[in-house]
Structures are given as C-alpha cells and as structure tokens.
Amino acid sequence: MPAPALNLLVLRAPDIEAAQRFYSLLGFTFTKHAHGKGPEHYAAETGSLVFELYPQTDAANSTANARIGFRVTGLDALLARLLEGGATLISPAKDSPWGRRAVVADPFGHKLELTE
C-alpha cells in the first residue's frame, strides 16, 4: 500500500489578514473563501496541496504548536524577508545533511523549517 499524500494543511491564526500577508512572503497566492455558514478564510494551492488560514477563535483551537517544513529556493533572501515581515529566528541558516536549513516562528507561534 502506498503512503498517503498530504493534500490539505490548515493553520489557525488570531488575525488571518496578517497571516495571509506573512505567508504571502513565502510565495503563496491566497484567495478569500467561505463555505456555507463557515468562517471566512484564505486558501492557496500549490501542486496537490491546499494551504488554508482560518481564524483562531480561542486557545482550544490553536495550531501554534505545529511545525511545518517548506522546501524553498533563495533561503537567505527569503529568511531576511520573513524576519522583516515579523518572523522570529529560531535557528539560523546553516548546512545540514538535508540541505541549507533555517527555522523561524511566524508571528503566531507556528514553527517553519525552511530547507534549500
């Protein structure tokens, strides 16, 4: 049996407008959606993955403990943009067996592992 493929990632943030601006720095293009009586949220598609940003309504529905990995190009320039855009540096860019890698936290506490 083949391993499943990830096709949906949902993060929750107390300010989805700020989250959309931040994640756009990574190169995602978001559109605003609302389904039925559900809340407005942002969605971006990349390959077969849908990446959504939903409002965080209380501490119980936080996704802040999530750690997400992105394969990127131009790591050093991207890192500078993200830091200017409100990221917190967790681990500076350095070479690793998997490539050049850095870890930041977005303005809402989600940790992003960036590997080039």
Side-chain angles (χ1 to χ4, degrees):
M1 173 187 295
L6 184 65
N7 71 334
L8 175 65
L9 172 62
V10 176
L11 295 182
R12 296 188 180 276
D15 182 345
I16 64 166
E17 299 299 329
Q20 181 272 144
R21 287 189 299 274
F22 179 81
Y23 282 97
S24 291
L25 295 172
L26 278 165
F28 289 103
T29 301
F30 291 94
T31 56
K32 195 174 257 189
H33 293 267
H35 309 291
K37 295 181 181 179
E40 284 192 334
H41 61 281
Y42 281 99
E45 291 185 38
T46 179
S48 62
L49 176 68
V50 176
F51 179 27
E52 295 182 325
L53 302 169
Y54 268 81
Q56 177 186 335
T57 56
D58 58 41
N61 76 354
S62 174
T63 57
N65 288 325
R67 182 174 178 136
I68 306 133
F70 292 106
R71 182 150 311 276
V72 301
T73 57
L75 175 62
D76 294 320
L78 175 60
L79 190 55
R81 272 196 320 273
L82 293 175
L83 293 172
E84 189 175 296
T88 302
L89 185 63
I90 303 296
S91 177
K94 61 185 172 191
D95 292 331
S96 77
W98 304 277
R100 190 161 168 75
R101 179 183 158 277
V103 179
V104 299
D106 74 8
F108 314 103
H110 304 103
K111 290 183 180 63
L112 309 178
E113 185 171 314
L114 310 169
T115 306
E116 179 175 42

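For D76, the side-chain hydrogen bond (donor to acceptor under 3.5 Å, both in side chains) partners at least two apart in sequence or on another chain are R100. Residues satisfying the side-chain contact (heavy atoms from CB on, under 4.5 Å) criterion with L8, sequence neighbours excluded, are V10, V50, E52. Every residue two or more places apart in sequence or in another chain that forms a salt bridge (Lys or Arg N to Asp or Glu O under 4.0 Å) with E113 is listed here: R67, R101. Taking A87 as the reference, F22, L82, L83, V104 meet the side-chain contact (heavy atoms from CB on, under 4.5 Å) condition, with sequence neighbours excluded. Judged as a ring pair (Phe, Tyr, Trp, His ring centres under 6.0 Å), and not counting sequence neighbours, the contacts of H41 are H33, H35, Y54.
Evaluation of the salt bridge (charged side-chain N to carboxylate O under 4.0 Å, His left out) test over residues 28-40, restricted to residues two or more places apart or in two chains, returns E17-K32, K32-E40.
Distance CG/D58 to CZ/R12: 9.5 Å, rounded to 0.5 Å. Annotation: the span from L79 atom CG to E116 atom CD amounts to 11.0 Å, rounded to 0.5 Å. With rounding to the nearest 0.5 Å, the separation of CG in D15 from CD in Q20 is 10.0 Å. A distance of 11.0 Å separates OG1 of T29 from CD of E45, quoted to the nearest 0.5 Å. How far CG of L112 is from OG1 of T88: 10.5 Å, rounded to the nearest 0.5 Å. In this structure, I68 CD1 and D106 CG are separated by 7.0 Å, a value rounded to the nearest 0.5 Å.
L78 and V103 are assigned to two separate hydrophobic clusters, defined by single-linkage of ILVMFWY side chains at heavy-atom distances under 4.5 Å. I90 and W98 fall into different hydrophobic clusters, where Ile, Leu, Val, Met, Phe, Trp and Tyr are joined by side-chain heavy atoms under 4.5 Å apart, directly or via other members.
Across all their heavy atoms, S62 and Q56 have their closest contact at CB-NE2, 3.6 Å. The two atoms that bring L75 and A93 nearest to each other are CD2-CB, 3.9 Å, heavy atoms only. Summarising the geometry of L11 relative to A66, their closest heavy-atom pair is CD2-CB, 4.4 Å, with the distance given to 0.1 Å. Across all their heavy atoms, P107 and G85 have their closest contact at CG-O, 4.3 Å.
Put simply, the side chain of F108 does not reach to within 4.5 Å of the side chain of T63, judged on heavy atoms. Between F28 and T46 there is a side-chain heavy-atom pair separated by less than 4.5 Å.
No more than 12 heavy-atom neighbours from other residues, nucleotides or ligands sit within 6.0 angstrom of CG on N65.
The side chain to side chain contact (heavy atoms under 4.5 Å, CB included) test with K94 is passed by exactly one of S96, S91, P92: S91.
In this structure, the ring of F30 has its center no less than 6.0 angstrom from the ring center of Y23.
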